A.B. asks: 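Have a look at the structure that comes next, please.
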Amino acid sequence: MPRPLFAHIHIDAMQHNLARARECARGARVWAVVKADAYGHGLARAVRGFADADGLALVEFDYALRLRELGWTRPILMLEGFFDASDLQLMARHGLQGSVHSEEQLAMLAAAQLTAPIDVHLKMNTGMNRLGFTPDTIAHAYARLRAMPQVASITLMTHFANADELAPARLPLAQQLQRFEAGAASINQRLPRSLSNSAALLMHEIDSDWVRPGVMLYGGTPAGSAHGVPAGEFGLLPTMTLRSQLIAVQQIEAGELVGYGSCFEAGARMRIGVVACGYADGYPRHAPHGTPVLVDGVRTGLVGRVSMDMLMVDLSHAPDAGVGSEVTLWGQGLPIDEVALAAGTIGYELMCALAPRVPVSDA
Ligand SMILES: *Cc1c(COP(=O)(O)O)cnc(C)c1O
């Protein structure tokens, strides 16, 4: 028998979440973001789950080619653009679109001999200071692109830093939009726009030609803070369920200690369940005592430190649980964001960190 730990991917939930994104998109076309192996879900499953998307967006060139091998013929967008001249050749040959965010990329593009012109997404830095041209340099970058025979279409793109903030943000979305409008107005032509990520789509009404939802398609909330909005309230369904089983049960007395570092001490006689899932599977090692876990559908919590291959749970409220009982680490019945919040991270990181040793199925 294989070690009882499996990730189940729910293709129908991916389809459902994409439909939700389309509802929120107010007529804009939808790039389904599939970077990081579709947030840990697998590219082949993304091609099925997001068959209705207008395009797929990612950052890895090998994965982009894999999408073509998988039969994806619609647009593909490289969100970080190209890294060297050979990437440009791949873009021209495989019809990949890409962001242009730096002077270095402009120079590379100008020097490239391409078999076909490429569609570019000119990125504006509206305050995140990660990628892009500032609003006052964007018109110049545009003019240079416009003059290049290597360039087919040009779309204007930016990325929001705080679309998920319910409280007033240090860099409010409205301020980024204002800067975007100023930059766009400095260009003597109305270009198609690509603006919203999941948070902006779910929490703001912004007119755009293209939107770029990622985490919402995987049933994660983009509003990951303690006061955030649970994914379910946005009408999203979990797309990844991580399940294991109890492989041992320990009856311990008051004063006994559990796990590495002996961090947990039983306050009374209790039963401890041992689950075949640890940090080498992608479960967060820093998840503290009490992090929610389902045992036979009953909500209980982690005790002691997460080890490499195992973690322990409190069975005080699951008297019928025994070896072989089903354990849900996250997914259906237990939102991944709740586990992430307890562990001091966000659902995105947990999905993406699912370890290669965990068998994945979509049955
Ligand atoms: C990852 C990414 C997205 C998707 O973000 P989510 O928060 O997962 O919706 C959109 N745009 C860009 C440029 C990205 O890098």
Side-chain angles (χ1 to χ4, degrees), residues 14 17-18 20-25 28-41 43 46 49-50 53-61 63-64 75-83 96-102 105 119-133 155-166 169 173 176-177 180 192-204 206 208-225 228-229 231 234-236 238-240 336-337 340 345-353:
M14 293 166 81
N17 295 338
L18 176 65
R20 273 295 292 137
R22 209 176 266 297
E23 275 169 27
C24 300
R29 280 175 288 173
V30 179
W31 292 110
V33 178
V34 299
K35 60 195 180 189
D37 201 23
Y39 290 50
H41 290 62
L43 285 188
F50 306 143
D54 298 293
L56 300 178
L58 71 177
V59 297
E60 309 90 345
F61 273 86
Y63 284 14
I76 294 178
L77 166 59
M78 307 310 295
L79 290 164
E80 294 178 345
F82 43 93
F83 305 98
L96 311 178
Q97 310 185 18
S99 96
V100 171
H101 58 76
S102 69
Q105 286 182 326
D119 294 308
V120 306
H121 295 249
L122 177 56
K123 186 135 189 197
M124 202 191 305
N125 171 10
T126 52
M128 191 156 172
N129 289 313
R130 202 171 60 170
L131 298 180
F133 297 91
T155 300
L156 208 49
M157 162 185 185
T158 197
H159 195 61
F160 298 120
N162 299 302
D164 60 325
E165 288 285 334
L166 297 168
L173 179 136
Q176 283 197 269
L177 257 185
F180 180 81
R193 299 166 168 212
S194 169
L195 300 176
S196 299
N197 55 6
S198 297
L201 257 185
L202 290 166
M203 301 170 71
H204 301 268
I206 300 168
S208 186
D209 301 284
W210 285 92
V211 294
R212 307 185 306 270
V215 78
M216 71 176 288
L217 303 179
Y218 307 98
T221 185
S225 70
V229 184
F234 288 124
L236 304 172
T239 58
M240 177 192 286
I336 193 167
D337 296 303
T345 182
I346 52 178
Y348 297 71
E349 190 179 20
L350 299 188
M351 297 175 189
C352 295

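The shown structure was predicted, so the numbers you read here are calculated from the model rather than taken from an experiment. As the structure lists them, so they are numbered: ligands from 1, and atoms in each ligand from 1.
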A.B. asks: List in chain and number order the residues that pass side-chain contact (heavy atoms from CB on, under 4.5 Å) with E165, two or more places apart in sequence or in another chain; answer none if no residue qualifies.
C.D. replies: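 By the side-chain contact (heavy atoms from CB on, under 4.5 Å) rule, E165 matches N162, A169.
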A.B. asks: So, Q176 side chain and A161 main chain: donor-acceptor pair closer than 3.5 Å or not?
C.D. replies: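 A pair under 3.5 Å: yes.
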A.B. asks: What do the steps show when you test S194 against H121 for side-chain hydrogen bond (donor to acceptor under 3.5 Å, both in side chains), and what is the final call?
C.D. replies: CA-CA 8 Å; S194 169; H121 295 249; 5.0 Å; no
A.B. asks: Apply side-chain contact (heavy atoms from CB on, under 4.5 Å) to A353 and list each qualifying residue two or more places apart in sequence or on a separate chain.
C.D. replies: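 A353: no side-chain contact (heavy atoms from CB on, under 4.5 Å) contacts found.
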A.B. asks: Output, or 'none' if empty, a list of ligand 1-protein atom pairs in which both atoms are N or O and the distance is under 3.5 Å, rounded to 0.1 Å.
C.D. replies:
residue	atom	partner	partner atom	Å
ligand 1	7 (O)	Y348	OH	2.6
ligand 1	8 (O)	Y39	OH	2.6
ligand 1	8 (O)	V215	N	2.8
ligand 1	9 (O)	S198	N	2.8
ligand 1	9 (O)	S198	OG	2.5
ligand 1	9 (O)	G214	N	2.8
ligand 1	11 (N)	H159	ND1	3.4
ligand 1	11 (N)	R212	NE	2.9
ligand 1	15 (O)	K35	NZ	2.6

A.B. asks: Is it true that atom CD of Q97 has more than 12 heavy atoms of other residues, nucleotides or ligands lying nearer than 6.0 Å?
C.D. replies: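 Yes.
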A.B. asks: Indicate every side-chain donor-acceptor pair of residues 29-39 with a distance under 3.5 Å to a residue at least two apart or in another chain.
C.D. replies:
residue	atom	partner	partner atom	Å
D37	OD1	L43	N	3.2

